[in-house]
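Convention: sequence-line order gives letters A, B, ...; per-chain numbering from 1. Values below: every heavy atom of this structure, side chains too, minus hydrogens, waters and symmetry copies.
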Number of protein chains: 2
Amino acid sequence: MNLLFKALADPTRRQILEQLRIKDRSAGEIANAFDITKPSVSHHLALLKQAQLVMAHRKGQSIIYSLNTTVFQDLLTWIYTIKDPHSPKKDGEGE
Amino acid sequence: MNLLFKALADPTRRQILEQLRIKDRSAGEIANAFDITKPSVSHHLALLKQAQLVMAHRKGQSIIYSLNTTVFQDLLTWIYTIKDPHSPKKDGEGE
DNA sequence: TAGATATTTAGAAAAACATCTAAATATTAA
DNA sequence: TTAATATTTAGATGTTTTTCTAAATATCTA
């Protein structure tokens, strides 16, 4: 959960997710959309992958990144728990 | 939106929210629940307030903090937009 | 296999962040 | 008004994060 929130805390990383929402893209295509260097974008992609927000697979020379929406469910669950004062605090919450 | 995500990125701050979910608390009550100093907690509370995740009002010597759940709606909207590939990208997104 | 393209890893520098102690401010009670 | 309690502000310090350049790895094509 902490990796997820940390991953979402950076605006560049959120923009990457917003790009992948439209369609899958290679690391290079993603990097070209930003003013920072490719190694920096590569680092952001690594953090997004660690948080399981994206998945990656090689296709020829390129590595294609795609969004993994399944982890957003954890986030939604956390938000709804906070929002609803009557919901019981479940095991495992709070790291 | 960036302040919101930044605010949620710290585990101590998320725990504060989880406490306020149950009931309103004074800064001191909140601080006592953590192993860090009161000034540090005070700083976290200031960031949560900046992000509008909490509200504060003085009651005698104490300052009572309470959860403001309305901003979570922005977060939900962002998540659902990312999750649904067909939803249009709205104005103002991506900071 | 050699050269070109795509991406990542390593290591360093700069910026942002969390935390601390000491001092300041606000409120209450004696 | 003085002392006590609650909280915040200021300023310093250490840690984490973002970013960079240079070099390494992987794949494809000639």
Side-chain angles (χ1 to χ4, degrees), chain A residues 1-20 22-68 71 75 94-95, chain B residues 1-20 22-68 94-95:
Chain A
M1 205 63 174
N2 196 37
L3 281 180
L4 177 56
F5 278 108
K6 281 266 161 63
L8 293 173
D10 183 273
T12 299
R13 287 194 291 269
R14 289 198 304 278
Q15 282 179 257
I16 291 172
L17 295 178
E18 284 163 19
Q19 290 194 357
L20 295 180
I22 311 297
K23 68 174 202 294
D24 298 355
R25 287 175 208 268
S26 70
E29 285 173 316
I30 295 165
N32 288 336
F34 297 94
D35 274 347
I36 56 181
T37 61
K38 278 170 210 279
S40 294
V41 172
S42 181
H43 179 241
H44 285 306
L45 289 169
L47 295 187
L48 289 172
K49 198 161 64 174
Q50 253 191 77
Q52 296 188 278
L53 282 161
V54 304
M55 294 182 305
H57 70 273
R58 183 174 277 279
K59 184 177 180 182
Q61 281 158 299
S62 300
I63 293 179
I64 307 297
Y65 281 86
S66 57
L67 201 58
N68 175 25
V71 279
L75 197 53
E95 257 67 358
Chain B
M1 205 61 173
N2 197 38
L3 281 180
L4 176 57
F5 278 108
K6 280 267 159 60
L8 293 173
D10 183 273
T12 298
R13 288 194 289 269
R14 290 198 304 276
Q15 281 178 256
I16 291 173
L17 296 177
E18 284 163 18
Q19 289 193 359
L20 294 179
I22 310 298
K23 68 172 200 298
D24 298 355
R25 288 176 208 268
S26 71
E29 285 173 318
I30 295 166
N32 288 336
F34 296 95
D35 276 347
I36 57 181
T37 62
K38 278 169 209 280
S40 295
V41 172
S42 182
H43 179 241
H44 285 306
L45 288 169
L47 295 186
L48 288 172
K49 199 161 62 174
Q50 254 190 78
Q52 296 187 276
L53 282 160
V54 304
M55 293 182 306
H57 71 273
R58 183 175 278 278
K59 184 178 180 181
Q61 281 160 299
S62 300
I63 293 179
I64 307 297
Y65 281 87
S66 58
L67 201 58
N68 175 26
E95 257 66 1

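B:L48 places its CG atom 12 Å from the P atom of D:dT8, with the value rounded to the nearest Å. Atom-to-atom, CD1 of B:I64 to P of D:dT8 comes out at 11 Å; the value is rounded to the nearest Å. Atom CD in B:E29 sits about 17 Å away from atom P in D:dT5, given to the nearest Å. In this structure, the CD1 atom of A:I63 is 8 Å from the C1' atom of C:dT8, given to the nearest Å. Rounded to whole Å, the distance from CD1 on B:I36 to P on C:dC20 is 6 Å. The CG atom of B:L45 sits 13 Å away from the C1' atom of D:dA6 (whole-angstrom rounding). Per the geometry, CZ belonging to B:R13 stands 16 Å off P belonging to C:dA16, to the nearest Å. Put simply, CG on B:N2 is 11 Å from P on D:dT18, counting in whole angstrom units.
Taking 4.0 angstrom as the limit, A:K38 places none of its side-chain polar atoms (N or O) nearer than this to OP1 or OP2 of C:dT8. Regarding contacts with the backbone of D:dT8, a side-chain N or O of B:S42 is found under 4.0 angstrom from either OP1 or OP2. Using a 4.0 Å cut-off, no side-chain N or O of A:Y65 falls inside it from OP1 or OP2 of C:dA6.
Nearest approach of A:A33 to A:Q19, heavy atoms of both residues: CB-NE2, 3.1 Å. Closest heavy-atom contact between A:K38 and A:A31: CG-CB, 3.7 Å. Taking all atoms of both residues into account, the shortest heavy-atom contact from B:I36 to B:T12 is CD1-CG2, 4.1 Å. Considering all non-hydrogen atoms of both residues, A:P11 and B:N2 come closest at CD-OD1, 3.7 Å.
Comparing B:A27 and A:D35 by the nucleotide of DNA chain D whose heavy atom lies nearest to each, the residue mapping closer to the 5' end is B:A27. For the pair A:K49 and B:H44, nearest-nucleotide mapping onto DNA chain C gives the more 5' position to A:K49.
Rounded to the nearest 0.5 angstrom, A:L67 CG and A:D24 CG are separated by 8.5 Å. Interatomic distance, B:F5 CZ to B:L3 CG, rounded to the nearest 0.5 Å: 12.0 Å. Distance CG/B:N68 to CG/B:L20: 11.0 Å, rounded to 0.5 Å.
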(request) For nucleotides 22-30 of chain D, just jot down a letter per nucleotide in 5' to 3' order: B, S or -, based on protein non-hydrogen atoms under 4.0 Å. (result) B---SBS--

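Nucleic acid contact class of B:S62 (heavy atoms, under 4.0 Å, all strands): sugar-phosphate only. Using a 4.0 Å heavy-atom cutoff across all strands shown, B:F34 reaches no nucleic acid atom at all.
Of the candidate nucleotides C:dT7, D:dT17, C:dC20, C:dC20 has the atom lying nearest to any side-chain atom of B:T37. Of all nucleotides listed (D:dT7, D:dT18, C:dT19), D:dT7 comes nearest to the side chain of B:S26. Taking only side-chain atoms of B:L47, from C-beta outward, the nucleotide of C:dA18, D:dT18, D:dT8 with the closest atom is C:dA18.
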If you look only at distance, which donor and acceptor atoms sit under 3.5 Å apart when one is on a side chain in residues 42-59 of chain B and the other is two or more places apart or in another chain?
{"from": "B:H44", "atom 1": "ND1", "to": "B:R13", "atom 2": "NH1", "distance (Å)": "3.0"}
{"from": "B:R58", "atom 1": "NH1", "to": "B:G60", "atom 2": "O", "distance (Å)": "3.1"}
{"from": "B:R58", "atom 1": "NH1", "to": "B:Q61", "atom 2": "O", "distance (Å)": "3.2"}

